[in-house]
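Residue numbers start from 1 in every chain, and the chains themselves are labelled A, B, ... in the order their sequence lines are given, proteins ahead of strands. Please read these numbers as outputs of a predicted model, since none were measured by experiment.
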2 protein chains.
Amino acid sequence: MNVSIQLKVKSFIRDPNDTDLGRKIIENSILLIDQLGFEAFTFKKLASIIDSTEASVYRYFENKHKLLIYLISWYWSWLEYRLNVEFLKVHKPEQKLDFFLKVITTPGNVDSEFKFVNGVALHRIVVSESPKAFLTKDVDADNKDGYFRSYKVLVHMISNVVLEVNSAYPYPTALVTTIIESAYNQQYFIDHFKTLSETRKKGDLEKFLSGILYGALNVKPS
Amino acid sequence: MNVSIQLKVKSFIRDPNDTDLGRKIIENSILLIDQLGFEAFTFKKLASIIDSTEASVYRYFENKHKLLIYLISWYWSWLEYRLNVEFLKVHKPEQKLDFFLKVITTPGNVDSEFKFVNGVALHRIVVSESPKAFLTKDVDADNKDGYFRSYKVLVHMISNVVLEVNSAYPYPTALVTTIIESAYNQQYFIDHFKTLSETRKKGDLEKFLSGILYGALNVKPS
DNA sequence: GGTTAAATAGTAGTATTACTATCATATTTT
DNA sequence: AAAATATGATAGTAATACTACTATTTAACC
């Protein structure tokens, strides 16, 4: 398989896909952000790992926030890609939604090694860091520049499936964003606040989210 | 009224409630974080506003993250206080949950001026910054130190009300955290991502969350 | 095949941030 | 009046988040 995820919106200065250094930046920034957390992550530390320099990294990304936006966007596009592949195989909207729930609650798959991207580490970054991509004072400017398009495309895609299940439901995108944000948030709570989530056992989180989704839509789960 | 919110867990070095400078730090840090966002907020900027020095602020809080934890904790304790007052007046659990939904979706109340705390600004901080209080590499150490107790107390209090409505529901705290996080997240989306939430009109967000809550519990809303 | 232009890598420097340490002074407590 | 405490003033440091400039490699053209 040699499909590549091409992001339509450029939060980069120079496309990291095009060069060796660019790919090393992506590959190792995922590992390093996962290790250190976004706050302690710096371009200098990254550069020393990939035997390059701070200035070289800056030629690809204006700052580490733009890099985070790139990584998170890549994740949502990758998710959308996997859903699209699956959606060709199944037809009932309920089956599609179940697969969607499965994908967002699973830390990583066998097929998650996508070229130079460590999907498991990237999933953890989404769990721990993704709200930081939009919880900034630059959010409106970033939004205007289209930096959250991957997420929006994904949300609208699932919203349409939600409407196939219940076309009268008035809040489809609010429901989908709630499900997505809750999925990742609960994964964080399971790891760090034992008393704040009962979805500890395998499959529980999926069941919990399924109950919310079909409960809100007022239909029985498939 | 002269009730004061006393936080049981000290994320401070010296209690800001005790002194004039301490209260000025709280009052103005709320206004300044609201204005600048947490990233651009610094103790130096704060000190210059309150005609003090960086070193003096550092005598109250070890760093700005501990200050954020203090402010957010104060907010949850304030919320818990208001809910407790109301819960004495009503008796049906559904009424309690409805009041809970109302409080978390309302940006500020008439009674929200609580001494030197601007409740409206603090509400905005919770919307925009609260996940940053726990999405750090220090989360486990901070949790061990009890820094998230106010939030946990609130969640467990509401979870118990949820169980009054449906004692067989298996995920009460997961449901309550999902409702809370979604409430604040949707408020952010309404302001910044118009296409990602349909809950634009007054009361819509409450209705949306009510649908999720009672839908998951599989009972009709009151 | 050699000259020139463009792309990329590497070096060095700056302003700001996030602190820490020290000392002086004002205020409060005993 | 002495002692303890709170605040202020000043200075200094290591790290961060960049920017500007120089060196080298690669590509493009005649």
Q) Between A:Phe43 (CZ) and D:dT19 (C1'), how many Å, whole number? A) 14 Å
Q: Return the orientation label for the A:Trp78 and A:Trp74 ring planes: parallel under 30°, perpendicular over 60°, tilted otherwise.
A: tilted
Q: Could you tell me whether B:Phe61 contacts a base, only the sugar-phosphate backbone, or nothing, with contacts defined as non-hydrogen atoms closer than 4.0 Å?
A: nothing
Q. What residues in residues 129-145 of chain A put a non-hydrogen atom under 4.0 Å from any atom of DNA chain D?
A. none
Q) Taking the side chain from A:Lys24 and the backbone from A:Ser52, do they hold a donor-acceptor pair closer than 3.5 Å? A) no
Q. Just to confirm, is there a sub-4.0 Å distance from OP1 or OP2 of D:dA15 to any side-chain nitrogen or oxygen of A:Lys45?
A. no
Q | Length of the line joining A:Tyr58:OH and D:dC21:P, which is rounded to integer Å | A | 18 Å
Q) Counting only heavy atoms not in A:Lys137, do more than 12 sit closer than 6.0 Å to its NZ atom? A) yes
Q: Would you tell me if any nitrogen or oxygen in the side chain of A:Lys64 comes within less than 4.0 Å of OP1 or OP2 on D:dA17?
A: yes
(Q) A cation-pi test, strictly: NZ or CZ of A:Lys66 under 6.0 Å from the centre of the six-membered ring of A:Phe61 and no more than 45 degrees from its axis. Yes or no? (A) no
Q) Considering the options B:Ile104, B:Thr199, B:Val127, which one meets the side chain to side chain contact (heavy atoms under 4.5 Å, CB included) requirement together with B:Gln187? A) B:Val127
Q: Give me the first and last nucleotide of DNA chain C, going 5' to 3', that has any atom under 4.0 Å from a heavy atom of chain A.
A: C:dT8 to C:dT11
Q: Carefully, step by step, assess B:Ile212 and A:Leu175 under the rule side chain to side chain contact (heavy atoms under 4.5 Å, CB included).
A: CA-CA 8 Å; B:Ile212 290 195; A:Leu175 181 59; 4.0 Å; yes
**Q.** Sugar-phosphate, base or nothing in reach of B:Ser56, heavy atoms under 4.0 Å
**A.** base
Q | Lys NZ or Arg CZ of A:Lys64 over A:Phe38 ring: under 6.0 Å, within 45° | A | yes
(Q) Using whole Å, what does the distance between atom P of nucleotide D:dA6 and atom CD1 of B:Ile25 come to? (A) 13 Å
(Q) So, does B:Arg14 get its side chain near the phosphate of D:dT7, meaning an N or O under 4.0 Å from OP1 or OP2? (A) yes
Q. Of A:Phe41 and A:Ala55, whose nearest nucleotide on DNA chain D comes first from the 5' end?
A. A:Phe41
Q: Identify whether any heavy atom of A:Thr53 sits under 4.0 Å from a base atom; if not, whether one sits that close to sugar-phosphate; answer base, sugar-phosphate or nothing.
A: base
Q.
So does B:Thr173 get a backbone contact from the side chain of A:Glu198, meaning a donor-acceptor N/O pair under 3.5 Å?
A. yes
(Q) If I take atom CG in residue A:Leu46 and atom P in nucleotide D:dT16, what distance separates them, rounded to the nearest angstrom? (A) 13 Å
Q. D:dA20 C1' sits how many Å from A:Glu54 CD, rounded?
A. 13 Å
Q: Check the distance between D:dC18's C1' and B:Glu39's CD and give it to me in whole angstrom.
A: 17 Å
Q: Please step through side chain to side chain contact (heavy atoms under 4.5 Å, CB included) for the pair A:Phe193 and B:Phe134, ending with a clear verdict.
A: CA-CA 10 Å; A:Phe193 305 128; B:Phe134 60 82; 3.8 Å; yes
Q) Could you give the CG-to-P distance, from B:Asp20 to D:dG8, as a whole number of Å? A) 10 Å
(Q) If I take atom CD from residue A:Glu206 and atom CG from residue A:Asp98, how far apart are they, to the nearest 0.5 angstrom? (A) 7.5 Å
Q) Once you round it to whole Å, what is the distance between C1' of D:dA17 and CD of A:Glu62? A) 12 Å
